[in-house]
Structures are given as C-alpha cells and as structure tokens.
There are 2 protein chains.
Amino acid sequence: MEQKQQNATATMKDVAKAAGVSTATVSRTLMTPEKVSLQTRQKVEQAVMDVGYYPHSLARSYKRNESKTILAIVPDISDPFFSDVICGLEKVAAQEGYFVLIGDCKHQQKQENAFINLIITKQIDGMVLLGSNLPFDVSAEEQKNLPPIVMANEFSPELKLPTVHIDNLTSAFNATHYLQKLGHKRIACIAGPEHMPHSQYRLEGYKKAMLRTGEKLREYYIVRGDFTHESGAEAVKTLLSLPEPPTAIFCHSDIMAIGAMWQAKKLGLTLPDDLSIVGFDNLEQAKYTLPALTTINHPRDEIGRHAMLLLLEQLQGNSVTPGSRLLDSDLIIRESAKAPKS
Amino acid sequence: MEQKQQNATATMKDVAKAAGVSTATVSRTLMTPEKVSLQTRQKVEQAVMDVGYYPHSLARSYKRNESKTILAIVPDISDPFFSDVICGLEKVAAQEGYFVLIGDCKHQQKQENAFINLIITKQIDGMVLLGSNLPFDVSAEEQKNLPPIVMANEFSPELKLPTVHIDNLTSAFNATHYLQKLGHKRIACIAGPEHMPHSQYRLEGYKKAMLRTGEKLREYYIVRGDFTHESGAEAVKTLLSLPEPPTAIFCHSDIMAIGAMWQAKKLGLTLPDDLSIVGFDNLEQAKYTLPALTTINHPRDEIGRHAMLLLLEQLQGNSVTPGSRLLDSDLIIRESAKAPKS
DNA sequence: TTGTACGCGTTATCAC
DNA sequence: GTGATAACGCGTACAA
C-alpha cells in the first residue's frame, strides 16, 4: 500500500482528485467561495488540508500578470536615512500583501540591466525611487511601458513623477534663520553634493536666509560634503582655518553635523559656546551627541509610508490624480546652537 | 497601414514571426545559441531587437521552478548593523543574478503567513536569517520541504543550519581581558537581551575573563539592555549609582556604548579617565565619538557576503558539506579605554 | 539544424 | 452549482 507522498508539493489537481471535484471547483472555492455550495466547499477545504495544498503563487502571479512585488531603488541601504524610509515602505506594503524588493544601486552599472529587466518583464508591479534618478535611461516612449513609479524624498525635474518629500528649501531657511535669530552673522553651510536636487534646495534656503539680512553672501562659507562623517569633519577644518571663521554652521545632514562637531571638539573648541551647529534629518543618534544636536526633523518613516500609499493607490486604480505629497519637517531645538559669545 | 504596436509587451511568438522561424528556435537562440546556425541566430537576434523582446521572467521562473530570489529575514532593517549585513548579501546576490527580498519582521505576526507562503510555494529559492529564529514554526517534517537556509550572525541551537558568524565568546573575552590588562578590576557589562544566543555567548566571554582573576563575579555589574542608545544610558545610571561603581564597562553593542558614554558625560564624568568603555560592532559612528570608541570589529559586510556565498553554494549544488564559517573579529583599540585613575 | 507539440499550475469562459 | 477546456509564455522532448 503506497502512501500518497506528502513531501512533493501538492497541486490543485491533487486537491480536486481528493475531493472528487474538478480543478475549476477547487479554484472557485479558493477565489470566490460564495459561488460554491456549502457542501462542496467543505469537501474541498478538507481536501486542501489533507493533501497539504498551498497555491503556487508563481503560477498565480503569472496567470494574473501581477507579482505583488514592489521594487525599491535605494542609493545606499546602509545609510540609516534610507533604511528608515524602507521601513515605512515595508509596513504599508505588508499590510496590503505586497513585498518589497530592495535594489541597492551603489553606482553599480551591472545591476541596472537586472533591474530594467525586472521591470519590463512585469516581474514587479511598481517601484519606489529613493534616489533622485532612475538607475537607467528611459526614452519618452519607453516611459509609457513602465509600471507605476513614485519618488520618495527626492524630486525629479525631468521625469514627472508623483513624489513625497519635505520642503527642503523652507526647512533650510528655517534652520538658518534660527541661527540668525540667535544672533549669528557668520553662518557657514556644509552642503551636500551639487548633483542632488534636495541639496540644491537646502542650499537655496540657506542663501535666501543669508541674503535676507542685506549683507553679501560669503561664498567661502559654503563647503561641499558627501553626507559622510568624514566630509563633515574635513569641512570644519577648512572653515575654522578661515581668517574670519564662522560662529555657526548649518549642515545638510546629521551625519555631517556629527562629523563636524567631532572635529570642532578635537580642535579644542567648546560646543556650543565657540561654535553653534544645526543638522538635518533628526537621526536617532542626534539625540546622543553632546551637546545634543539641534536639527530638522525629516519624517523618514512617514515618507516611506506615504510613498507606498501613493503607489498602491495607482496600482489599485483608486487614483485619479496621483499628486505629490508634502510632509512637515520642523526644527527640533536641542542644545547644539546658542547665541554667539561676543 | 497599421504599425505593429511597440508598446504591448512582445512575446516569443512575435519574435518568431518576425524572424520567420518557430518559437522553439527563438528559445534555443536565447538559451543555447551554439545549437543554432549562425544564420538563423542572427535573424533571430535582429528580430529580438526589432520587436523589443524581453523574456517574461515570471513565465521563465515558473517554468524552471526557480525565482532567482532570496528572502532575507531581518529583525530590524533600520538597525545599522543589519543594513550593513544586507549590503553584503546584496553584493554577492547581484553578481550571481539573484534578487534579495527583505522581510522585516518587527515582531509582526501578520507577516509570518506571507513569508511561509512565499517559501512553500517556491516563490523564493532560499533564505537568509539574520535573527536567531525562524519567524514561524516548522515541524521536523516540514523542515525537509524548506528551501536552503543559512543563518547570518546568529546561531541556532535547535535548527541545524549552516551559519556564518564570529566567535562571540572569545571576542567578549578579549574585550574584557583588554580592560583587565589595562588594570581594571571593577568591570561591568551592559549585555543584550537574554533570549539572544549571541548575547549569551558574549556574556559568557565576559564572565570567563572575570572569573579568571580568581575573584568572585559581581552579578550586579551585569545589566541587561536591548541594543538601543537609551538602554545603554539607563544602564550607566544604574551602574554609577552602585556603592562601588565600576571603573570600566564592556558593552555588547556600540549603540549601547554610545548611549553609555553620553550618559556618563552628562553625569559629569571625564572619559576615559573616570570610566573606560569598550563597545562591540565597530560601527562607522564609533570613530566619531569623543573619546573614539574602542570596540570589537564585527565584519558585517563580510558576514552578509559569506552567508550569500554559502547559500548559493547550496543552490547551485556545488556544496558537499554546507559547513558554517567563522569570521575574524579583532579588537579595535581607540581611546575610550585606558588605565584606571587610582 | 529546425519545427511540432506538450506541459508547468492557475484562472476564466463557456456549456451543462 | 459544476465540469470540461482554453489560455498565459516559455522550455524541451521528440520527430523531421
């Protein structure tokens, strides 16, 4: 007497046989139970248990032409900023039964083909871009074949994509203005790379605040970093060796701010007495610096959540206007900025 | 004159028609070009370009019964520790044409079913566990139906799984012993949660070093944290209010160490003079504390890389013995630990 | 070397 | 309410 082997993956046919019905009925029982008589439904459900049946989702996806998978293109997953956004994406996706596939494109050209393939072959239902660019080129025509896309955190000037982001310009303005209200005149700025749109907006916000005073802008107070601790530290070295060093610095990220604080202290300055610093992002770590970092709150988790929400709206066709969303970003005042000494 | 519409996804049939051959030939041209005459191959390749054909990977995966997707189960993706490991996973996976699906299981029971479904329905080819447990229960029989699994960073006592990890016990011993060599006797330990195997090993390493001196172990020098800054800070409060406060603390993570340093400084201590601290992980941030954190180097990226390597070995059948791998983890000496004052 | 024909597991369209 | 049957796109026996 051969036992029906349990370990081989059971298929719908097996269930049908066990229940003494057709595969069509099994499928209906699973998809639209209300269209099946209670009697057969129970038979089928029992059979499903008996043979240990699980729907073959690959086959199902294939048939339905949807994968329930979202691709998230992220510039650098080990950046705490991005991982928090992904967290937000995940939460919403999971709720709706979607999966998030992470595409970490550390400027690796190789991966690009893999991604675009994934997209064109409809292996993903949609995508979220955390960086500022698509990781590949798309012509206008090709763009129409792309699945729904939303940008998170950044803003794409060329591609007209729905976006969820904060008002970088105003946030930067507020941060700088806060330093001004404290009495600072010589305020420097450790900026992000030029090619990043949000860095440009933050820089403009800084400039706007500085220009507002009527004084001319000191270009040498603007130093570019790349969002690493090290670049923040380097920038401080440069700034403090200026003939007229700044009394305050607005940094485009907490990481650079932390690097800056570290370097300033190493050089013997007392913070915030000798130098005020304001960051941007409000990372968890920003609370655990001494002095605790005054910074702009960047709602990373919320950005992720809203981005996924926006995407799902499009996927589920509820969306009439897939407009962008602007999230709040307040200044979190802690202890790293105070009135200048003199 | 109707133009053949470009935007609809081209299928193999379209290519076949365009090239004047059968779909079988098209498939062969793509899969085993050497089995096709140069002439027809060129025709087909041209046709592929013309109609803009991309293989439908869902169909392909379905047919081949492999998804080229690896599921990574991670306790908390916003923890910098895990995101670095994921980075390592990604790199290797991408090289081999695999994708990494992130399953962030923040103790959310709901997701579990989704995961197990994913697994049973062969929608993933393998999985990497970054936590210490499977996010679901598996009976012994069910285990045989599971795809290849490897654990990263942790170690599973029940499940016999290939693992890549460091020697937590020895590392902890070394860290503690280093403090002893510096002259410390009153060494406390801010440990991780009890239920985590690696925390237990680190604690044992600490105990082993402490017991080695012949003195009795002061249980009140062992405080449990949960790998957050806050728990590190709280632990320090407790320890410093002891009648005989420690002169040094070994922390089970850099994050807790940073929280601890922050709190100690807030309480007016001068570091490292009044209190030596050693961390565990060697996070990027550990370099940018003052004093710079002495810590155990945890090769996160390497752990991820090796874990994926181990997994791919199994998937590609090259593996005879899917043994575990032990990675080096040296003590990185910086400035947060020095000889005690007295 | 190339074409024909079948099957993977599911869902959907018909009849009954 | 239920059962045949076709179809999704691809890969591969098998036959030519």
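Predicted, not measured: the structure shown is a model, and the values here were computed from it. Lettering follows sequence order; numbering is per chain, from 1.
- Neither OP1 nor OP2 of dT2(C) sits under 4.0 Å from any side-chain N or O of Thr25(B).
- Distances were taken from every side-chain heavy atom of Ala24(B) (C-beta onward) to each of dG3(C), dG3(D), dC10(D); the shortest belongs to dG3(C).
- Applying the 4.0 Å criterion to OP1 and OP2 of dG11(D), one finds that Arg60(B) has a side-chain N or O inside that range.
- Residue Glu66(B) contributes atom CD, which lies 18 Å from atom P of dC8(C) at whole-angstrom precision.
- Closest approach of Leu89(B) and Gly304(B) over heavy atoms only: CD2-O, 3.2 Å.
- A side-chain contact (heavy atoms from CB on, under 4.5 Å) with Leu129(A) is found for one member of Leu161(A), Asn153(A), Val150(A) and no other, namely Leu161(A).
- With rounding to whole Å, Lys17(A) atom NZ is found 16 Å from dG3(D) atom C1'.
- Of the candidates dT2(D), dC10(D), dC8(C), the closest approach to any side-chain atom of Thr11(B) belongs to dC10(D).
- dG3(C) atom C1' lies 13 Å from atom NZ of Lys43(B), rounded to whole Å.
- Atom name P, nucleotides dG11(D) and dA15(D): the rounded distance is 22 Å, in whole Å.
- Atom C1' of nucleotide dG3(C) and atom NZ of Lys13(B) are separated by 15 Å, given to the nearest angstrom.
- Annotation: Arg300(A), atom CZ; neighbour count of heavy atoms from other residues, nucleotides and ligands within 6.0 Å is above 12.
- Nucleic acid contact class of Met12(B) (heavy atoms, under 4.0 Å, all strands): sugar-phosphate only.
- Listed nucleotides: dG11(D), dG9(D), dG3(C). Nearest to the side chain of Ser27(B): dG11(D).
- The NE2-P distance, from His56(B) to dG11(D), rounds to 12 Å in whole Å.
- One can place OH of Tyr62(B) at 8 Å from C1' of dG7(C), the figure rounded to the nearest angstrom.
- Within the 4.0 Å cut-off from OP1 or OP2 of dG11(D), at least one side-chain nitrogen or oxygen of Arg64(B) is found.
- In this structure, Asn65(A) places its CG atom 16 Å from C1' of dG9(C), rounding to the nearest Å.
- Between the axis at the start and the axis at the end of the helix from dG3(C)-dC14(D) to dC16(C)-dG1(D) there is an angle of 50°, using five pairs per end and rounding to 10 degrees.
- The two residues Val128(A) and Ala307(A) make their nearest non-hydrogen contact at CG1-CB, 4.2 Å.
- Looking only at distances, no side-chain donor or acceptor of Ser324(B) sits under 3.5 Å from a matching main-chain atom of Val164(B).
- Among the candidates Val85(B), Ile70(B), Val100(B), the single residue satisfying the side-chain contact (heavy atoms from CB on, under 4.5 Å) test with Glu90(B) is Val100(B).
- The shortest side-chain heavy-atom distance between Pro162(A) and Gln314(A) falls under the 4.5 Å cut-off.
- For dG3(C), its base sits under 3.5 Å from the side chain of Arg28(B) at one donor and acceptor pair at least.
- Here the side chains of Asp125(A) and Pro147(A) are not in contact, with every heavy-atom distance at 4.5 Å or above.
- Taking side-chain N and O atoms only, Tyr54(A) has no distance below 4.0 Å to OP1 or OP2 of dT10(C).
- The shortest distance between the side-chain N/O atoms of Ser22(B) and the OP1/OP2 oxygens of dT2(C) is not below 4.0 Å.
- Side-chain atoms of Thr40(B) lie closest to dT2(C) of the nucleotides dT2(C), dG9(C), dT2(D).
- When the nearest nucleotides of DNA chain D are assigned to Thr23(A) and Lys63(A) by heavy-atom distance, the more 5′-ward of the two goes with Thr23(A).
- When rounded to the nearest whole Å, the span between CE of Met31(A) and C1' of dT10(C) equals 9 Å.
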